[in-house]
Amino acid sequence: MTEKEAEIRIGELRRELEENSYRYYVENAPTISDFNFDMMMHELEDLERQWPQFDSPDSPTHKVGSDLKSEARRREFAQYPHRYPMLSLGNTYSIEEVEAFAQRADKTIGSPFSYSCELKFDGTAICLEYRKGRLYRALTRGDGTVGDDVTANVRMISNIPHTLHGDYPEDFEIRGEILMPYTAFDRLNEEREENEEAPFANPRNAASGSLKLLDPKEVAHRGLWCTLYHIPSESLDSFDTHAHALDAAASWGLPVSDERCVCDSISQIEEYIRHWDVQRKFLPYPTDGIVIKINEMRFQRELGFTAKSPRWAVAYKFQAERALTPLLSIDYQVGRTGAVTPVANLAPVQLSGTVVKRATLNNADQMTQMDIRTGDWVYVEKGGEIIPKITGIELGRRPADAVLPQFPLVCPDCGTPLVRQEDEAKYFCPNSDGCPTQIQGRILHFLSRKAMNILAGEATVAQLYNLGLVRTAADLYDLKKSDLLRLDGWKERSAERFLLSLRSSRNVPFERVLFALGIRFVGETTAKAVARHFGDIDAVAAADREALLAVPDVGEVIAQSIADYFADSRHIEEVKRLRAHGLRFSVSGDAPVSDALKGLTIVVSGNFSISREALKEIIEKNGGRNSSSVSSKTSFLLAGIKPGPEKISKCESLGIKIMDEAAFAQMLPAGQREALTPESAEDDGELTLF
């Protein structure tokens with residue numbers, strides 16, 4: 001590999017890792033397996049070692065995966081810094097690398113020591129702080145230095161004690177994992193399917209998403225479970241070993257795993273790994289490996305940390321579970337955007353705690369590359385517990401009558417010839433406004449919670465379409481109660497709830513209405529940027545490519561897609577009908593609450609008792625203007641916890657006033673101040689947010 005090739009590959013790997021890290025930690029919707037992610041990370045580490053001139057502190061190899069949303073997206077939880085960094089573990093799929101870890105530790109320590117071996121739980125990380133024997137605060141991992149405050153939700157997890165008993169310390173932290181047992185996962189997905197909501201892909205995503213719900217009562221219903229596995233040595237220095245610290249935590253009433261073991265040699269570690277590689281299949285919750293830690297606390301402190309991981313611990317990850325099962329048939333599904341995806345129908349097989357009946361084949365190229373046939377025995381994996389996929393074929397079991405599948409030339413739904421762009425792997429149905437599946441998919445998207453939040457799901461949309469009642473989103477607003485009572489299973493109460501949610505949708509802000517239109521490539525963030533840039537739908541519709549490219553986050557593909565959408569007279573007519581039904585097509589739909597901040601340009605920086613997005617809404621509702629950067633036109637900087645040092649420095653150099661949240665609250669009318677008043681904490685007068 002040449003130097004230039006190495007530079008290009010390093011850039012590719014960083015982009016892929018950052019994108020997939022965001023999908024995993026923030027969106028809870030991974031699209032690649034843990035194994036593939038780890039292999040890319042190891043490749044990047046190797047390249048950065050070989051070509052140190054291309055290494056960077058911002059590389060994913062030096063950062064912890066973050067569950068914090070970007071500044072462009074709403075943050076619903078207050079954030080607090082971790083007292084001690086909350087790092088991730090280095091991991092391996094090789095026993096030889098576990099042996100190398102042990103040899104490095106032995107060489108550095110130079111004295112006898114032991115190992116603590118534990119199950120690696122597949123959930124979402126949590127840090128609990130107890131003060132005077134009471135649960136004080138619970139933080140997610142966040143970016144390793146700052147986490148989201150989810151205390152109110154954690155209080156709803158049944159096996160996490162609110163108060164401790166026994167001889168507990170005055171103030172300490174303990175860390176662990178929030179899990180969703182398989183039984184709770186299955187129950188939750190059954191409920192979601194009954195309510196016509198998309199099921200979660202796996203227990204890990206379900207646990208992470210549940211922990212970030214805004215309603216603690218709903219969290220209590222999710223059946224989450226906690227297991228704790230680490231007390232930072234800086235938090236408690238009174239224990240000589242990690243195992244003794246966890247034994248003590250258990251005596252205080254904290255949920256510590258019983259499946260841990262102290263080992264004195266690498267052979268005992270390997271025996272522990274072999275045992276759990278088999279027995280994990282019978283556990284009631286997901287696990288994906290074994291964590292090996294140096295047991296003695298003083299040696300942990302001696303070994304220390306890298307920027308990303310402790311040097312005194314390593315995770316051995318099990319290979320993804322896979323199963324061999326017959327491929328019965330292949331369906332070709334049409335999505336909302338017209339993409340045609342092949343899906344394999346399988347003989348049911350147990351895999352990672354669930355029964356698998358279907359698996360994705362991605363596209364025609366993959367089918368050709370695999371030389372897959374109907375009737376083949378195929379290997380199915382749920383690497384990282386994501387949606388199942390076929391990873392191989394057992395050619396020795398191929399039956400004589402196995403059939404080579406033919407990817408359709410026409411849409412399986414409407415019969416329109418499929419097209420394929422040069423730079424795309426998928427085939428598409430171009431009949432976007434006449435294909436029944438695409439029409440129903442767009443209506444479902446319009447109804448969805450992040451769009452118009454109207455109470456209906458896939459089965460309802462199918463009935464409305466089949467009865468000829470709905471062909472576009474605007475048709476929804478013409479529905480009468482008598483129409484709804486024609487639907488199977490619908491009674492007065494169901495119809496009234498639907499019509500109420502339909503009326504409420506008229507209050508949805510413009511950016512969400514724009515997102516709800518379903519313009520290809522226009523997601524939530526892009527819709528918000530476009531709406532705020534142009535102000536109303538008429539300006540968006542009139543904008544040419546050059547004007548659209550001036551919007552942050554809008555590139556060539558998105559700009560062309562928006563321009564194409566509004567060039568279609570049918571879409572213009574649809575917008576006209578929706579507008580007539582009272583939907584908001586302007587960002588100025590909300591009248592100001594007061595003019596208390598009129599004429600003021602305010603820059604917000606740091607963490608507050610409410611999300612920054614909510615704070616900015618308060619500023620706008622009271623006549624103020626938000627700005628992202630400090631300039632001579634800035635009226636003042638509203639600074640919370642950990643404001644940006646560059647903004648502080650610039651304010652000082654320009655002589656611009658810096659104001660805290662309490663002073664800002666006094667500028668607002670009395671009725672607006674309540675939104676900025678957090679509840680007071682117990683005992684010590686510090687603030688804690690529930």
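Quick note: numbers below take in every heavy atom, side chains included, and nothing from hydrogens, waters or symmetry partners. For the single chain, residues carry numbers from 1 onward in sequence order.
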> Keeping Ser208 on the side-chain end and Thr124 on the backbone end, is there a donor-acceptor pair under 3.5 Å?
no
> Only pairs at least two apart or in different chains count here, so list each salt bridge (charged side-chain N to carboxylate O under 4.0 Å, His left out) that has a residue in residues 247-260.
Asp247-Arg260
> Can a donor-acceptor pair be found, under 3.5 Å and without considering hydrogens, that links the side chain of Gln268 to the backbone of Asp264?
yes
> Starting at CG of Leu246, measure out to NE2 of His230 and round the result to the nearest 0.5 Å.
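Answer rounded to 0.5 Å: 9.0 Å.
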> If you apply the rule side chain to side chain contact (heavy atoms under 4.5 Å, CB included), what do you find for Ile126 with Val150, and how did you get there?
CA-CA 9 Å; Ile126 195 70; Val150 289; 3.7 Å; yes
> Using modelled atom types and a 3.5 Å cut-off, is there a donor and acceptor pairing between side-chain atoms of Thr287 and backbone atoms of Lys120?
no
> For Asp277, give me all partners under salt bridge (Lys or Arg N to Asp or Glu O under 4.0 Å), at least two apart in sequence or on another chain.
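Once residues adjacent in sequence are excluded, the partners of Asp277 under the salt bridge (Lys or Arg N to Asp or Glu O under 4.0 Å) criterion are Arg280.
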> Looking at CZ of Phe113 and CG of Asp106, how far apart are the two atoms once the value is rounded to the nearest 0.5 Å?
5.0 Å
> Taking side-chain hydrogen bond (donor to acceptor under 3.5 Å, both in side chains) as the test, write out the residues that go with Arg175, two or more places apart.
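Checked Arg175 against side-chain hydrogen bond (donor to acceptor under 3.5 Å, both in side chains); matches are Glu173.
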> To the nearest 0.5 angstrom, please state how far the CG atom of Asn626 sits from the CD1 atom of Ile619.
4.5 Å
> Please round to the nearest 0.5 Å and tell me the distance separating atom CZ of Arg137 and atom SG of Cys127.
10.5 Å
> Please verify the inter-ring angle class for Phe121 with Tyr229; under 30° counts as parallel, over 60° as perpendicular, anything in between as tilted.
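Plane angle under 30°, so parallel.
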> Taking only residues two or more places apart in sequence, or in another chain, which ones meet Asn295 in a side-chain hydrogen bond (donor to acceptor under 3.5 Å, both in side chains)?
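Per chain and number, Asn295 pairs via side-chain hydrogen bond (donor to acceptor under 3.5 Å, both in side chains) with Ser114.
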> Looking at residues at least two apart in the chain, or sitting in another chain, which of them share a side-chain hydrogen bond (donor to acceptor under 3.5 Å, both in side chains) with Gln50?
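Testing Gln50 for side-chain hydrogen bond (donor to acceptor under 3.5 Å, both in side chains), a comparison that skips the adjacent residues, returns none.
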> Test of understanding: with side-chain hydrogen bond (donor to acceptor under 3.5 Å, both in side chains), list the residues that count as partners of Glu7, not counting sequence neighbours.
none
> Suppose the criterion is salt bridge (charged side-chain N to carboxylate O under 4.0 Å, His left out): which pairs have a residue in residues 293-303, not counting sequence neighbours?
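Every salt bridge (charged side-chain N to carboxylate O under 4.0 Å, His left out) pair that includes a residue of residues 293-303, provided the two are not neighbours, is Glu118-Lys293.
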> Among all residues two or more places apart in sequence or in another chain, which pass the side-chain contact (heavy atoms from CB on, under 4.5 Å) test with Val603?
Ser627, Val630, Thr634, Leu637, Lys647
> Start with the C-alpha distance between Ile292 and Cys117, add both sets of side-chain angles, then the distance that settles side chain to side chain contact (heavy atoms under 4.5 Å, CB included), and finish with yes or no.
CA-CA 5 Å; Ile292 302 106; Cys117 293; 4.1 Å; yes
> In chain order, what residues pass the salt bridge (Lys or Arg N to Asp or Glu O under 4.0 Å) check against Glu177, with sequence neighbours excluded?
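Per chain and number, Glu177 pairs via salt bridge (Lys or Arg N to Asp or Glu O under 4.0 Å) with no residue.
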> Output all residues satisfying salt bridge (Lys or Arg N to Asp or Glu O under 4.0 Å) with Lys650, sequence neighbours left out; order by chain, then residue number.
none
> Could you walk me through whether Ile178 and Ile160 satisfy the side chain to side chain contact (heavy atoms under 4.5 Å, CB included) test, starting with their C-alpha distance in whole Å, then the side-chain angles of each, then the deciding distance to 0.1 Å, before giving a yes or no?
CA-CA 10 Å; Ile178 304 296; Ile160 295 180; 4.1 Å; yes
> Could you pull out all residues at least two apart from Asp46 that satisfy salt bridge (Lys or Arg N to Asp or Glu O under 4.0 Å)?
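Here the qualifying residues are Arg49.
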> Taking atom CG of Asp55 and atom CD1 of Ile10, what is their separation to the nearest 0.5 Å?
8.0 Å
> So, His42 and Glu45: side-chain donor and acceptor under 3.5 Å apart, yes or no?
yes
> Nearest 0.5 angstrom please: Ile641 CD1 to Phe608 CZ, how far?
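Here the interatomic distance stands at 9.0 Å.
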> Going by the angle between their ring planes, with limits at 30° and 60°, are Trp312 and Phe305 parallel, tilted or perpendicular?
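Perpendicular.
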> Hey, could you give me each pair passing ring pair (Phe, Tyr, Trp, His ring centres under 6.0 Å) that has a residue in residues 142-170? Not counting sequence neighbours.
none
> Donor-acceptor pair, Arg104 side chain versus Arg311 backbone, under 3.5 Å?
no
